[in-house]
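Worksheet: the structure to be examined is printed underneath.
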Number of protein chains: 2
Amino acid sequence: MESKCENCIVRQFNSLRALSKEELKKVSDSKISKKIKKGDSLFVEGQKLDGVYCVRDGVSKLSKLSSNGKEQIVKLTNKGEVMGQRSVVAEDFTNLSATAINDMEVCFIPKEIISNTLNTNPNFSLEVLRHMAHDLKEADDVIVNMSQKTVKQRLAEAFVYLKKNYGEDEDGFLVLTLSRDDYANIVGAATESLIRMISEFKKKGLIKTSGKKIGVVEEQTLQEMADGF
Amino acid sequence: MESKCENCIVRQFNSLRALSKEELKKVSDSKISKKIKKGDSLFVEGQKLDGVYCVRDGVSKLSKLSSNGKEQIVKLTNKGEVMGQRSVVAEDFTNLSATAINDMEVCFIPKEIISNTLNTNPNFSLEVLRHMAHDLKEADDVIVNMSQKTVKQRLAEAFVYLKKNYGEDEDGFLVLTLSRDDYANIVGAATESLIRMISEFKKKGLIKTSGKKIGVVEEQTLQEMADGF
DNA sequence: GAAAAAACATGATAATTATCAGTTTTTACA
DNA sequence: TGTAAAAACTGATAATTATCATGTTTTTTC
């Protein structure tokens with residue numbers, strides 16, 4: 001038997017904290033723990049989801065293919081986040097694919113439980129609503145960044161964001177290690193352009209690299225760069 | 001006395017249709033009808049909203065200033081849409097400004113009524129949730145378009161979108177007339193670049209113009225263009 | 001109805017970013 | 001542990017888009 005939701009810390013960070021004890025028990029009894037290996041996908045764009053995924057550990061990218069076949073990463077998940085909520089709530093196909101960036105531990109929660117609870121527990125609905133409102137605001141910000149900032153600014157912002165959200169190790173390298181390709185797909189640029197820019201940042205001493213690993217050296221300068229100064 | 005929400009057609013299109021008769025009456029009694037002149041703003045980014053706006057007539061742009069001072073239009077509202085929901089739900093400042101593109105008629109509904117109903121009527125919460133889920137999906141699409149498509153593709157898409165959503169008059173011109181500046185702020189390009197592209201489209205016979213008015217001539221071709229063919 | 005302001009338009013040029021064609025380095029694994 | 005595949009990188013060049021400068025048309029205002 002796996003650990004219970006009642007004792008799960010990550011629940012604090014997501015909408016499941018609005019559940020009553022009984023509701024939580026139901027969730028706990030029907031959830032399925034899964035381990036996802038780095039690079040494997042949790043679900044794919046256009047798929048019908050049978051439930052949501054609660055992230056216990058690891059990071060995944062939520063991405064979407066554009067008509068030209070390039071991947072665009074729309075969001076990186078944080079620990080405790082629930083994925084697939086939008087799709088389950090709207091009873092819709094997923095508009096995004098979720099792929100593990102490093103090894104993950106997730107809990108799958110069947111959609112019936114989610115929709116039942118949505119119908120009966122207004123607090124839970126509100127909590128989900130608030131999370132979605134937050135996501136929507138962030139999406140708006142991304143839209144503005146994508147259309148008004150240069151690749152250089154977006155990359156600078158990405159580094160600051162990654163440091164803030166996922167931290168750095170004792171040597172000052174970002175904990176979350178992304179491929180150059182992933183960086184390109186976050187920032188929305190050609191991989192070659194992005195690699196060049198990383199070299200440039202390194203030359204200027206704004207970042208340091210060691211293989212795939214990247215460390216933020218001049219956070220302040222990067223932030224100013226992102227803000228257009 | 002103004003007309004009642006109970007008889008208002010636009011309610012069909014938004015989350016207010018989930019209200020009970022009594023709830024609807026409360027909304028009706030406390031709502032304030034407003035007329036907004038073309039160019040005037042309903043609310044401004046960073047403001048605390050005291051309620052939501054239900055659009056009875058007219059169109060508004062929801063936009064955000066980027067750090068370089070340029071405006072980015074994130075969304076155009078449709079008739080019946082409720083604006084400011086995100087902000088009221090999250091008890092947050094607005095992240096967007098709303099400006100009337102043509103003369104508008106809107107109803108202001110105080111936030112207390114909205115939040116009370118959210119707390120007591122799970123159907124309403126769910127309905128709002130579904131709308132927000134829809135907005136979020138659309139925002140994801142915009143992100144992908146912004147980062148993966150060229151200005152030309154985005155403009156082509158905008159024309160098709162405007163025709164589909166707001167229709168055309170008897171002479172085949174788009175009902176919704178936008179300034180070149182607005183077009184630039186929708187597709188995320190410099191105004192000069194955008195004007196050039198409009199000239200190009202016109203020269204190719206894809207659109208026709210008459211002053212500010214623009215008509216879609218070759219919808220099929222524009223759509224293919226937007227899809228990258 | 002004229003003056004002023006705003007919006008529209010075009011040319012020349014510069015900056016940004018993508019693409020293509022490779023080479024080198026790293027990683028995976030038989 | 002050697003080798004094939006994948007990822008990272010570099011250079012040359014082309015395409016896209018922004019910027020600046022300036023002229024024209026349309027709209028607004030008094």
Side-chain angles (χ1 to χ4, degrees), chain A residues 37-40 61 66-72 99 101-103 145-158 173-174 177-203 207-214 225-226 228, chain B residues 37-40 61 66-73 99 101-103 145-158 173 177-203 207-214 225-226 228:
Chain A
K37 281 222 194 76
K38 175 182 173 172
D40 286 355
K61 56 181 178 185
S66 73
S67 47
N68 65 29
K70 253 213 117 195
E71 180 190 23
Q72 175 64 37
T99 314
I101 284 186
N102 42 34
D103 289 349
N145 284 342
M146 282 296 172
S147 53
Q148 306 285 3
K149 291 189 175 177
T150 63
V151 171
K152 192 179 291 188
Q153 288 179 295
R154 302 204 294 268
L155 182 60
E157 185 158 62
F173 289 102
L174 293 171
T177 303
L178 299 173
S179 69
R180 304 296 195 251
D181 222 26
D182 280 338
Y183 272 109
N185 296 339
I186 287 173
V187 161
T191 309
E192 299 95 318
S193 301
L194 183 115
I195 289 174
R196 258 181 265 272
M197 210 145 279
I198 287 186
S199 306
E200 195 191 315
F201 278 22
K202 192 180 171 181
K203 208 176 288 169
I207 59 172
K208 58 183 177 180
T209 68
S210 166
K212 286 173 82 94
K213 286 193 290 185
I214 293 181
M225 196 178 232
Chain B
K37 281 222 195 75
K38 175 180 172 173
D40 285 355
K61 57 182 178 185
S66 74
S67 46
N68 65 28
K70 253 214 116 195
E71 179 190 25
Q72 175 63 36
I73 297 179
T99 314
I101 284 186
N102 41 35
D103 289 350
N145 285 342
M146 282 298 172
S147 53
Q148 304 286 2
K149 290 189 176 177
T150 63
V151 171
K152 191 179 291 187
Q153 289 180 294
R154 302 203 295 268
L155 182 60
E157 186 158 61
F173 289 103
T177 303
L178 298 173
S179 69
R180 304 294 194 253
D181 220 26
D182 281 338
Y183 272 109
N185 296 339
I186 287 174
V187 301
T191 308
E192 298 95 319
S193 302
L194 183 116
I195 288 175
R196 257 182 265 273
M197 210 145 280
I198 287 185
S199 307
E200 194 190 316
F201 279 22
K202 192 181 171 182
K203 208 176 288 169
I207 60 171
K208 58 182 178 181
T209 68
S210 166
K212 287 174 82 95
K213 287 195 288 184
I214 293 181
M225 198 179 229

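Everything numeric in this text was worked out from a predicted model, so none of it was measured. Order of the sequence lines fixes the chain letters, A, B, ..., with proteins taken first and strands second; residue numbering starts at 1 for each chain.
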Using whole Å, report how far CE of Met197(B) lies from P of dC8(C). 17 Å
Tell me which residues in residues 146-155 of chain A put a heavy atom below 4.0 Å from DNA chain D, sorted by number, or none. none
Look only at the side chain of Arg154(B) and the backbone of Lys149(B), and say whether a donor-acceptor pair between them is shorter than 3.5 Å. yes
Rounding to 0.5 Å, atoms OG1 (Thr177(A)) and NZ (Lys38(A)) come to a distance of 7.5 Å
Could you state the NZ-P distance from Lys202(A) to dC9(D), rounded to the nearest angstrom? 7 Å
So, Ser66(A) versus Asn68(A): side-chain donor-acceptor pair below 3.5 Å or not? yes
Measuring from the side chain of Ile195(B) (C-beta onward, heavy atoms only), which nucleotide among dC8(C), dC9(D), dT17(D) has the closest atom? dC8(C)
Distance-only donor-acceptor test (3.5 Å): side chain Arg196(B), base dT19(D): yes
Taking CG from Leu194(B) and C1' from dT10(C), how many angstroms apart are they, rounded to a whole number? 14 Å
Can you check whether any acceptor in the base of dC20(C) is under 3.5 Å from a donor in the side chain of Glu192(A), or vice versa? yes
What is the distance, rounded to the nearest whole Å, between atom CG of Asp181(B) and atom P of dT26(D)? 18 Å
Lys212(B) side chain near dA7(C) phosphate (N/O to OP1/OP2, under 4.0 Å): no
Rounded to whole Å, the CG-C1' distance (Asn185(B) to dT17(D)) equals 15 Å
Hey, is the side chain of Ser193(B) poking within less than 4.0 Å of OP1 or OP2 on dA18(D), counting only N and O atoms? yes
Phosphate-side-chain proximity, Thr191(B) and dC8(C), N/O vs OP1/OP2 below 4.0 Å: no
